[in-house]
Amino acid sequence: MKFENKQLTDNKYVLDWIQECAELTNPDKIVWITAEEEQLEELRRQACETKELYKLNKELLPGCYLHRTAVNDVARVEARTFICTRTKEDAGNINNWIEPQECYARLRKLYKNSMVGRTMYVIPYAMGQLGSAFAKYGVELTDSIYVVLNMVIMTRAGAAVGKYLDEHFIKGLHSKATLDPDNRYICHFPEDNTIWSVNSGYGGNVLLGKKCFALRIASYLGRKEGWMAEHMLILGLQSPDGVIKYVAAAFPSACGKTNLAMLIPPEYYKKKGYKIWCVGDDIAWLRIGADGRLWAVNPENGFFGVAPGTNEHSNPNALAATKSGAIFTNVCHDLGNNTVWWEGLNDNPPTNALNWKGEKWDYRTYDKNDKINTSGAHPNSRFTAVAKNCPCVSPEFDNPDGVPISAIIFGGRRAKTAPLVYQSFNWQHGTFVGSIMASETTAAAAGAIGVVRRDPMAMRPFVGYDMGDYWAHWLEMGKRIPNPPKIFHVNWFRCDDEGHFIWPGFGDNMRVLMWILSRCENKAEARQTPIGYVPYEKDINLEGTDISEQTLADLLSIDTESWKDDIANIKEFYALVGDRVPQELKTELDALEKRLG
Ligand code: GTP
Ligand code: SPV
Ligand code: MN
């Protein structure tokens, strides 16, 4: 095996594996990613030459690039994502499963000579701070420069990782191959620390450190090793006295994690000196600290955020993070000044532009009922931005110990059933609340949009083993945490009968965070209802808004009939999850049904 540059480890286990993958895929060259600026600059140059990347306006967007994926390759593909444990039972009924040896054999045929004429890049990377107790290491082999450049932003990648690689590292093999959608596979072998991804070039399918490693493989490792990997943002809320309290929140894909993690407090709170710090916007690894609390780190190093809807008002922090060194995927290309645009950025769509498919685009043809074909940017178009470029990035971002979590918040898109906020009675009931989460589907995954489906803990597509066992692990963790966070549920997406959101959302979500934290400090009373503790209206501060008391009352009301209807659907879902649903959760479900009357 011949490397083009100096290899970053002598570990035989690592080198043997690279050799084996190179023999299979047969690249022309193998290059170690040191992530030195000179190397990255050369890769950017090459990618621009082949039009894999477009260099954007140097003055307005320095160091920024645009990339377009194949039109049939714009989101995660859950139907082609597999958990390949030795037994089907260990993957569970919610996951797709292929027997590992059969899967390896099937995919070997697709990888065979897939890198002929291409370079294989070897990316050593860490999820978490190098050398910290939380950190885990991986190597991704890929034939895509786009993947290399994204991984360098999204993870801690490069030469410094070499010395941490040993036989525990996560082996990731990615090849674009022919991008054949019918032979697209995102496969996880948790028992072998292995991820194989083939025939895709879209983020969540190919940036193997993210969903594949930091959630699917990590959730499996977390269960084995006594910690948790969750689809959660982490934020710090600083009070005028300087004290910062941290919360972690799990919302399904494209349901508001990035926005909440970076929120700007409403004027009323800002003036008093409140501030929000972003520790993470998508993934949290949680461990029990020596002090008996639950501590969280964000294992990532950047944001792979939804572009549409991001603007100066909704999320100025995210927007600022995309102003330099960012990669935009499937957004609209403004040819006038060589910048980018997306729906919801502003009210001035470019008049000389290419849409996300790279076709000449006339903004006047936009039809919100047919976004895929008429929008400038794809609804799941994304920006990849360096976390440190975000103005509100937490000073604790690099703290190897993470931050202590006061509250865990679940949430989803529910037009009717869920109130603005409620608190669970205790950890077991909170686990139940997470297990029955439901949300309308979004453009983040291929398939129908706006269909309500159960998405427990926002982890339905990301648990690397049986869902029932995952819930049991939650219950087990609760028993082991001496001072556990309180568990809440929120819904920013309640609609009136015309389908308009009735809660303003975004910055105003701070008002709900304030109630949540006051509950954690035993400073607010609450109304006990069948589903949990709900705020008294007087305890949600509406100062500076035009929300009427009636609207707030509606937001906090519990529609008993729709909850009763939901019970049947929950039972069906538990039956689908199957034998391993913990008895404690079935008991909670029975108790809820009784309380609803
Ligand atoms: P992933 O990166 O896919 O995991 O998504 P995410 O959970 O980080 O979602 P994100 O914050 O990017 O939000 C996705 C969409 O939800 C955007 O179109 C936002 O405009 C919208 N959104 C976010 N917060 C709110 C809110 O409070 N209210 C309303 N109505 N919409 C919101
Ligand atoms: C999600 O879909 O939840 C994302 C984007 O965060 S992706 O990395 O594509 O999975
Ligand atoms: Mn996500």
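Because the structure is a prediction, the values reported are computed rather than measured. Whatever order the structure lists ligands and atoms in, that order sets their numbers, starting from 1. Below, each value reflects all heavy atoms present in this structure, side chains not excepted, and no hydrogens, waters or symmetry copies.
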Would you call the rings of Tyr465 and Tyr470 parallel, tilted or perpendicular, where under 30° means parallel and over 60° means perpendicular? perpendicular

Between Asn315 and ligand 1, which residue portion shows a heavy-atom distance shorter than 4.0 Å: side chain, backbone, both, or neither? neither

At under 4.0 Å between heavy atoms, what of Asp282 touches ligand 1? The answer is side chain

Under 30°, 30 to 60°, or over 60°: which ring-plane class applies to Phe304 and Tyr202, parallel, tilted or perpendicular? tilted

I'd like the atom name of the N/O/S atom in Asp282 lying closest to the Mn ion (ligand 3). OD1

Is there any N or O on Tyr202 that sits under 3.5 Å from an N or O of ligand 2? yes

Within the 4.0 Å heavy-atom shell around Asp282, which atoms of ligand 2 are there? 6 (O)

Run down the list Gly204, Ala75, Gly203 and name the one with the heavy atom closest to atom 7 (S) of ligand 2. Gly204

Close side-chain approach of Lys136 to Phe213, heavy-atom, < 4.5 Å: yes

Answer yes or no: is there a donor N or O on one side and an acceptor on the other, between the side chain of Ser394 and the main chain of Trp277, under 3.5 Å? no

Within the 4.0 Å heavy-atom shell around Lys257, which atoms of ligand 1 are there? 1 (P), 4 (O), 5 (O), 6 (P), 7 (O), 8 (O), 9 (O), 11 (O)

From the candidates Asp508, Leu233, Thr258, the one that places a heavy atom nearest atom 8 (O) of ligand 1: Thr258

Can you tell me which residue and heavy atom of the protein come closest to atom 19 (C) of ligand 1, and the distance to 0.1 Å? Asn259 ND2, 3.8 Å

List every atom of ligand 1 that sits less than 4.0 Å from any heavy atom of Val306, numbering the atoms from 1 in the order shown and giving each element. 12 (O)

Given Arg216, Arg453, Arg460, Arg184, the one that forms salt bridge (charged side-chain N to carboxylate O under 4.0 Å, His left out) with Glu78: Arg453

Looking only at protein heavy atoms, what sits closest to atom 31 (N) of ligand 1 is Phe493 CE2, 3.3 Å

Heavy-atom contacts with Lys210 under 4.0 Å: which atoms of ligand 2 show up? List them by number with element. 6 (O), 8 (O)

Counting from 1, what ligand 1 atoms have a heavy atom of Arg382 closer than 4.0 Å? 1 (P), 2 (O), 3 (O)

Write out the residue and atom name of the closest protein heavy atom to atom 1 (P) of ligand 1, then the distance separating them to 0.1 Å. Ala254 N, 3.4 Å

From Ile516 atom CD1 to Ile408 atom CD1, the distance as rounded to the nearest 0.5 Å: 11.5 Å

Side-chain H-bond candidate by donor/acceptor type, Thr551 with Arg494, under 3.5 Å: no

Asp497 bridged to Lys416 by N-O distance under 4.0 Å: yes

Phe501 to ligand 1: N or O pair under 3.5 Å? no

Are Ser439 and Asp455 linked by a side-chain donor-acceptor pair shorter than 3.5 Å? no

Closer than 4.0 Å to some heavy atom of Pro252 - which atoms of ligand 1 meet that? 7 (O)

Would you say the side chain of Arg68 lies within less than 4.5 Å of the side chain of Thr329, judging by non-hydrogen atoms? no

Within ligand 2, which atoms have a heavy atom of Ser253 less than 4.0 Å away? 1 (C), 2 (O), 3 (O)

Look at the rings of Trp474 and Phe410 and say which category their plane angle falls in: under 30° parallel, 30 to 60° tilted, over 60° perpendicular. tilted

With rounding to the nearest 0.5 angstrom, report the CG to OG distance, Asp180 to Ser200. 11.5 Å

Mark up the atoms of ligand 1 that fall under 4.0 Å of a heavy atom belonging to Arg413, in ascending order. 15 (C), 16 (O)

Geometric class of the His67/Tyr146 ring pair [parallel <30°, tilted 30-60°, perpendicular >60°]: parallel

Short N/O distance, under 3.5 Å, between Phe506 and ligand 1? yes

Give the ring-plane orientation class for Phe462 versus His231, where under 30° counts as parallel, over 60° as perpendicular and anything between as tilted. perpendicular

Please could you name the atoms of ligand 2 that Arg76 approaches to less than 4.0 Å, counting only its heavy atoms? 1 (C), 2 (O), 3 (O), 9 (O), 10 (O)

When you measure from atom 9 (O) of ligand 1 to every protein heavy atom, which one gives the shortest distance, and what is it? Gly256 N, 3.0 Å

N/O/S of Gly204 less than 2.8 Å from the Mn ion (ligand 3)? no

If only side-chain N and O atoms count, and only distance matters, is there a donor-acceptor pair under 3.5 Å linking Trp341 with Asn346? yes

Any side-chain heavy-atom pair of Pro461 and Lys211 under 4.5 Å: no

With backbone taken as N, CA, C and O and side chain as the heavy atoms from C-beta onward, which portion of Cys255 lies under 4.0 Å from ligand 1: side chain, backbone, both, or neither? backbone

Residue and atom name of the nearest protein heavy atom (relative to atom 17 (C) of ligand 1), distance in Å to one decimal: Pro308 O, 4.1 Å

Which atoms from ligand 2 have a heavy atom of His231 less than 4.0 Å away? 3 (O)

What protein heavy atom sits nearest atom 1 (C) of ligand 2, and how far off is it? Lys211 NZ, 2.9 Å

Should you measure from each heavy atom of Ala444, which atoms of ligand 2 turn up under 4.0 Å away? 2 (O)

